[in-house]
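Sequence positions, counted from 1, serve as the residue numbers for this chain.
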Amino acid sequence: MADIQTNPDLKYCVAVASTDGETVNTHYGKAETFYIYIVDDSEGYDLLEKRNVTPVCQDGSHNKARMEEHIKQFTDCKYVIASKIGIAAVQALSLAGITGMELPGTIDDAILKVWKYNQIQNLFK
């Protein structure tokens with residue numbers, strides 16, 4: 001995992017479920033690879049690392065303990081993006097302080113949407 005110090009208002013990490021590094025094309029629970037991007041709201045974004053994980057969804061089911069262990073792999077991220085993400089995963093991520101989002105399409109478009117969302121969230125601080 002990345003070991004970086006970030007200002008939660010200006011710099012943050014985004015984990016993207018992708019098989020090709022270009023599109024958000026994988027279900028959160030079935031993803032084996034997440035691309036981790038560092039986003040600087042004032043300067044743009046860069047790929048930080050490619051992170052391989054064990055999918056949390058096995059045979060269409062998952063348990064709470066395995067979900068919690070899976071989420072620990074993203075504690076350095078403010079957002080997790082996937083093409084599909086179930087409500088249980090969104091809730092579990094939220095409890096860990098991570099926002100889960102369904103944003104299928106290109107990674108560029110998804111990160112732009114996260115950037116806009118983050119800008120709006122910071123208006124209320």
Side-chain angles (χ1 to χ4, degrees):
M1 273 189 274
D3 183 26
I4 60 171
Q5 297 293 323
T6 62
N7 176 337
D9 295 331
L10 300 175
K11 278 187 171 182
Y12 47 91
C13 288
V14 178
V16 180
S18 177
T19 58
D20 61 10
E22 295 179 20
T23 56
V24 183
N25 60 2
T26 310
H27 183 284
Y28 170 79
K30 296 178 181 177
E32 295 179 0
T33 304
F34 285 83
Y35 289 79
I36 311 300
Y37 291 87
I38 181 77
V39 179
D40 184 322
D41 279 351
S42 61
E43 295 186 20
Y45 69 94
D46 288 305
L47 179 63
L48 193 61
E49 69 177 289
K50 181 178 171 184
R51 192 173 295 172
N52 294 315
V53 302
T54 301
V56 71
C57 187
Q58 303 289 330
D59 302 321
S61 65
H62 36 54
N63 64 41
K64 185 177 177 180
R66 194 162 59 215
M67 180 76 76
E68 289 171 359
E69 278 302 309
H70 193 260
I71 289 170
K72 287 180 183 178
Q73 298 173 96
F74 304 107
T75 57
D76 58 334
C77 298
K78 187 172 181 179
Y79 300 98
V80 171
I81 301 170
S83 62
K84 290 284 185 185
I85 185 167
I87 190 70
V90 169
Q91 290 172 340
L93 286 163
S94 181
L95 288 173
I98 303 166
T99 302
M101 298 179 162
E102 268 188 27
L103 297 172
T106 69
I107 290 175
D108 288 338
D109 287 345
I111 290 179
L112 178 60
K113 289 174 184 174
V114 168
W115 176 81
K116 288 178 182 178
Y117 176 84
N118 200 61
Q119 294 294 305
I120 292 167
Q121 295 305 305
N122 285 331
L123 290 175
F124 302 104
K125 290 184 179 182

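Asn25 and Thr19 form a side-chain donor-acceptor contact under 3.5 Å, judged by distance and modelled atom types alone. The closest side-chain donor-acceptor pair between Asp40 and Tyr12, if any, does not fall under 3.5 angstrom.
Remark: Ser83 OG to Met101 CE distance equals 15.0 Å, nearest 0.5 Å. Note that CG of Leu93 is 11.5 Å distant from OG1 of Thr75, once rounded to the nearest 0.5 Å. Atom-to-atom distance recorded for Thr23:OG1 and Tyr35:OH is 9.5 Å, nearest 0.5 angstrom. Lys78 NZ to Lys11 NZ: the interatomic distance, rounded to the nearest 0.5 Å, is 14.0 Å. The CG atom of Asp41 sits 13.0 Å away from atom NZ of Lys116, with the distance rounded to the nearest 0.5 Å. Between Asn118 atom CG and Leu123 atom CG the span is 10.0 Å, to the nearest 0.5 Å.
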| Is there a side chain to side chain contact (heavy atoms under 4.5 Å, CB included) between Cys13 and Ile36 once you walk through the steps? | CA-CA 7 Å; Cys13 288; Ile36 311 300; 4.2 Å; yes
| task | Show your reasoning for whether side chain to side chain contact (heavy atoms under 4.5 Å, CB included) applies to Val39 and Ile111. | result | CA-CA 8 Å; Val39 179; Ile111 290 179; 4.1 Å; yes
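Taking the side chain to side chain donor-acceptor pair (under 3.5 Å) definition, one finds that Ser94 meets it with nothing, sequence neighbours left out. By the salt bridge (Lys or Arg N to Asp or Glu O under 4.0 Å) test, Glu69 is found to be paired with Lys72, residues two or more places apart in sequence or in another chain being considered.
Counting only heavy atoms from C-beta outward, the side chains of Val24 and Asp109 never approach each other to under 4.5 Å. Within the 4.5 Å cutoff, the side chain of Tyr37 has heavy atoms near those of the Ile107 side chain. Looking at heavy atoms from C-beta onward, Val14 lies in side-chain contact with Ile81 at the 4.5 angstrom threshold. Residues Gln73 and Phe34 fail the side-chain proximity criterion, which asks for heavy atoms closer than 4.5 Å.
Residues Arg51 and Asp76 are paired through a salt bridge, judged by an N-O separation under 4.0 Å between the basic side chain and the carboxylate.
In terms of heavy atoms, Met67 sits closest to Ala92 at CG-CB, 3.7 Å. Looking at every heavy atom in both residues, Ala31 comes nearest to Ala17 through CB-CB, 3.8 Å. Between Gly100 and Ile85, the closest heavy-atom pair is CA-CD1, 4.2 Å.
Side-chain atoms of Glu32 never come within 3.5 Å of backbone atoms of Val53 as a donor-acceptor pair (strictly under, hydrogens ignored). In this structure, the side chain of Thr99 does not engage the main chain of Tyr79 through any donor-acceptor pair within 3.5 Å.
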